Asker: 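Before we start, here is the structure in question, set down as structure tokens.
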Amino acid sequence: MFGDEDYVGFTAWPSGQSTLVGVGWLGIASAGRKLTRRSLDFWRCENGVIRENWVLVDLLHIYDQLGVNVFARMRELTVSRQAHPIKV
């Protein structure tokens, strides 16, 4: 944890653990997978009260744990678009 005047930040690796259950997440089947989260939290305080909060989550790490290769999918989309350009 660190702070400077009205701003505070926190990070931990991992910063949390979850189990993906139910209907899944973003179209990815759950299969009871256990996930760790890596994130950064930042707060802006005013008069001793948190007024703003920003959270950055390492989604590429989560997708990797779910077996999704985001960069391979991006390459596939790029190749597909080059083969079939979008007409405007």
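None of the values given here were measured: they were computed from a predicted structure.
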Asker: Is there a path of hydrophobic side-chain contacts, each under 4.5 Å between heavy atoms, that joins L20 and L60?
Answerer: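 Linked, L20 and L60 end up in one cluster.
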Asker: Are the side chains of R73 and N69 in contact, using a 4.5 Å heavy-atom criterion?
Answerer: no
Asker: Looking only at heavy atoms, which two atoms of H61 and T36 are closest? And how far apart?
Answerer: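 Minimum heavy-atom separation between H61 and T36: CE1-OG1, 3.2 Å.
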Asker: Would you name the heavy atoms of C45 and V8 that are closest together and state the gap between them?
Answerer: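 Shortest heavy-atom contact: SG-CG2, 4.4 Å.
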Asker: Using modelled atom types only, decide if a donor and an acceptor are shared between the side chain of N53 and the backbone of F42 within a distance under 3.5 Å.
Answerer: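 Here the side-chain-to-backbone pair exists.
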Asker: Which heavy atom of E52 sits nearest to which heavy atom of R44, and what is that distance?
Answerer: OE2-NE, 2.5 Å
Asker: Using the rule that two of Ile, Leu, Val, Met, Phe, Trp, Tyr join whenever any of their side-chain heavy atoms come within less than 4.5 Å, decide whether V57 and L66 are in one cluster.
Answerer: yes
Asker: Which of parallel (below 30°), tilted (30 to 60°) and perpendicular (above 60°) describes W43 and F10?
Answerer: tilted
Asker: R37 vs I62, test: side chain to side chain contact (heavy atoms under 4.5 Å, CB included). Steps then yes/no.
Answerer: CA-CA 7 Å; R37 288 184 312 279; I62 290 176; 4.2 Å; yes
Asker: Within this structure, what is the CG-OG1 distance for the pair L35 and T19, rounded to the nearest 0.5 Å?
Answerer: 7.5 Å
